[in-house]
Each structure stands twice: as C-alpha cells, then as structure tokens.
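This report concerns only the one structure given below.
Excluded from the calculations below are hydrogen atoms, water molecules and symmetry mates; all remaining heavy atoms, backbone and side chain alike, are included.
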Amino acid sequence: MSGHHHGDDVHEHDRGLSYDLPVLARRRMIRLLAGASLVPLVGCSAEDDTSAGGDSSSPASSGSSGSSSSSSSSSSSSSSSSAECATIPDETAGPFPGDGSNGVNVLKESGVVRSDIRKSFGDSAGGTAEGVPLTVTLTVVDAASGCGTPKKGAAVYIWHCDREGNYSLYSEGVTEENYLRGVQETDDKGQVTFTSIFPGCYAGRWPHIHFEVYGSLEDATAATSITNTSQLALPKDVCDTVYATDGYSESVSNMGQLSLESDNIFSDGYEQQLAAMSGSVGKGYTATLTVPV
C-alpha cells in the first residue's frame, strides 16, 4: 500500500446500551402506569431504521407474541422507539480530520461546500479518487423530538480514505490533494447526499466513513461548534464484493484480519452506525444512514 497509515486513536467511546437502560426503564414504568389508568401516553414516533440496513444485529422491533395486554404491547413499542431515538454514538475524528483540530484545516477553503467529493478542488490540487462509485445519504434528525423532526439547515462534513487507504492532506503522496472531503447543508428533509467512491480497508480499521454535524453551514465553514462526531460502518457483504474488483487488492488482506466486533471503534456497538446498502459494482452503491443528534 502506498503511504503509511495509523489506526484511528480512540478518544471517545459509544456509551451504549448500559447508558440507555435507566432511561428505558423509566419510560416503561410510565407506560405501564398510564396503561393502568387508561390514559394514553405519546412516545417517540418510530421511523424506518436505515442505520442497520436489515442486518440481523439490528434491534428487534416486533411486540411480544401471544400477549393480549395493551400495556405489554405499549411497553414493547416504547422500548423499541426509545432505542431508535438514541443520539448517534460519539466517536473519535481520528488523526486525519482536516477540520483544524489536527493542524490541517480544509473547512475554511473555498470549494469545500460541494456534493461531488471525488475530485480535489483549488489551484494546487487536481487529483481524482478512483474506485467503485458510492453515493452517501445521511438524514439528520432531532433525537429529543423522537427522531421524527428533520434538522433542516444543519451541516455535515464527511471524509474518508481513498481506494488505497490513503487520506488526502495527510498520507504520503496525496498531501497536496483534498479529495474525498466535503460539506453540505441539510435540506427540508434533513438530508445531505454526497457522490464519492467506496473507501478501501487499511490495516487496523474496519471500512468506515467519518462525519461531523454542525448547527449550521456557517459554523461548518468556520470550523467551529461541532455538535456531533461519528463514523459510518460499511457492511461486510458489500465490502467483500467491492474488494474483489481491480484496485482494492490490499483491502482484501487487511479486512481478512478484522471484524466489526474486533474493530477498536465499532466493537462496543455498531447497530446505529451500520449503513443500509443498495446497488451493485457496475451501477454503483448507495449507503444511507439516519443520524439522530
């Protein structure tokens, strides 16, 4: 592999289910009391969970079978909805953020606000990242309102490595490039969509995409007031298919030594961060993820 890489240093971990259990227990108790007094209680509105992509590791959403108790059904619904409304886990930005926190700052440069991040922008860079096409759509929602309210007017900065596992601005040979980095403002649906390429797998890390959420585009381009920092995980079956194509040969051996369960970021839980995938190598893939903040 050209260049050199370092595993992303772990500064923060997902607080995970152990943090949420006391909250869920309280909500279940309120639900039961409300059921006993025949007073309806409005919980979080359930939304399609795109973060698990139908993976068997996603939380079960069906109610208990064989039960005629309305309070039992309500309790199950409340627990499922509350889990879906949890804020996206906080993760390290890693050593190559380009947001000014580790020296290099691309966010204040003209041209960083864009949807197609495959090419470098500016006068000093002209490279294009090659690889299997990948479209990334993130939907930012308000966790406090039950994940049913889109965060219109927020901003998302994403970045990831190229096919060879190199990060622009940092890795040897691509320090003058700034491809695979971009910022967008969320639309009325709370969505941003980036056109990119499928990232490679470098030694020590499961294939992933970094992102930061800002309160506004102004905050993002000023590189200030980050509200959330997290990472999107790519599913194994799609990675295996992509890495069998030309240009990804080193990713095959690197990924063979990893699993989501052993990754130093995703090992404490990845259900909320696992992208839903569709597409093919020939037509390109689409990765979608709901990001409660």
Side-chain angles (χ1 to χ4, degrees), residues 12-35 39-64 70-91 136-156 158 186-193 209-216 225-233 235 260 265-266 268-277 287-293:
E12 297 182 32
H13 288 283
D14 175 12
R15 289 175 290 187
L17 185 59
S18 63
Y19 175 82
D20 294 332
L21 280 176
V23 177
L24 300 182
R26 287 196 298 271
R27 290 180 179 176
R28 282 196 292 270
M29 181 59 70
I30 293 173
R31 176 69 70 180
L32 290 172
L33 291 174
V39 178
L41 179 67
V42 178
C44 296
S45 60
E47 180 173 281
D48 290 341
D49 182 9
T50 59
S51 65
D55 188 85
S56 60
S57 60
S58 61
S61 58
S62 59
S64 300
S70 61
S71 63
S72 175
S73 175
S74 297
S75 176
S76 175
S77 175
S78 175
S79 176
S80 175
S81 298
S82 298
E84 290 179 82
C85 292
T87 302
I88 194 76
D90 287 331
E91 306 290 5
V136 181
T137 296
L138 303 181
T139 302
V140 183
V141 296
D142 181 22
S145 69
C147 293
T149 304
K151 294 285 285 187
K152 176 185 177 182
V156 179
I158 75 167
T186 58
D187 62 16
D188 290 347
K189 297 180 179 180
Q191 292 185 340
V192 291
T193 297
I209 294 174
H210 294 268
F211 62 90
E212 292 173 343
V213 180
Y214 293 79
S216 67
S225 301
I226 300 170
T227 62
N228 302 84
T229 302
S230 195
Q231 299 181 26
L232 174 154
L260 277 163
I265 296 297
F266 301 124
D268 57 357
Y270 54 84
E271 288 81 3
Q272 280 189 273
Q273 295 159 283
L274 187 63
M277 302 291 299
T288 60
L289 186 71
T290 297
V291 181
V293 299

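Side chain to side chain, Ser230 and Glu91 fail the donor-acceptor criterion of an N or O pair below 3.5 Å. In the model, Thr193 has a side-chain atom that pairs as donor or acceptor with a side-chain atom of Thr137 under 3.5 Å.
The shortest distance between side-chain heavy atoms of Ile209 and Leu289 does not fall below 4.5 Å. Considering only heavy atoms from C-beta on, Tyr214 comes within 4.5 Å of Ile226 through its side chain. Using a 4.5 Å cut-off on side-chain heavy atoms (C-beta onward), Val140 and Phe211 make no contact. For the pair Asp90/Asn228, a side-chain contact is recorded, criterion being any heavy-atom separation below 4.5 Å from C-beta on.
The nearest pair of heavy atoms linking Ala275 to Pro235 is O-CG, 3.4 Å. Closest heavy-atom contact between Gly190 and Pro150: N-CB, 3.6 Å. Residues Cys85 and Ala143 come closest through the heavy atom pair O-CB, 3.4 Å. For the pair Ile88 and Gln272, the tightest heavy-atom approach, listed with the atom from each and the gap, is CD1-O, 3.5 Å. The two residues Thr229 and Glu212 come nearest to each other via the heavy atoms OG1-CG, 3.8 Å.
Looking at Gln273, its side chain does come within 3.5 Å of a backbone N or O of Gln231 through a donor-acceptor pair. Distance alone, capped at 3.5 Å, places no donor-acceptor pair between the Thr149 side chain and the Asp142 backbone.
Listed by chain and number, the residues in a side chain to side chain contact (heavy atoms under 4.5 Å, CB included) with Thr227 are Val213 (sequence neighbours excluded). Partners of Ser225 by side chain to side chain contact (heavy atoms under 4.5 Å, CB included), not counting sequence neighbours, listed by chain and number: Asp219.
To the nearest 0.5 Å, the span separating CD1 on Ile158 from CG on Leu232 amounts to 9.0 Å.
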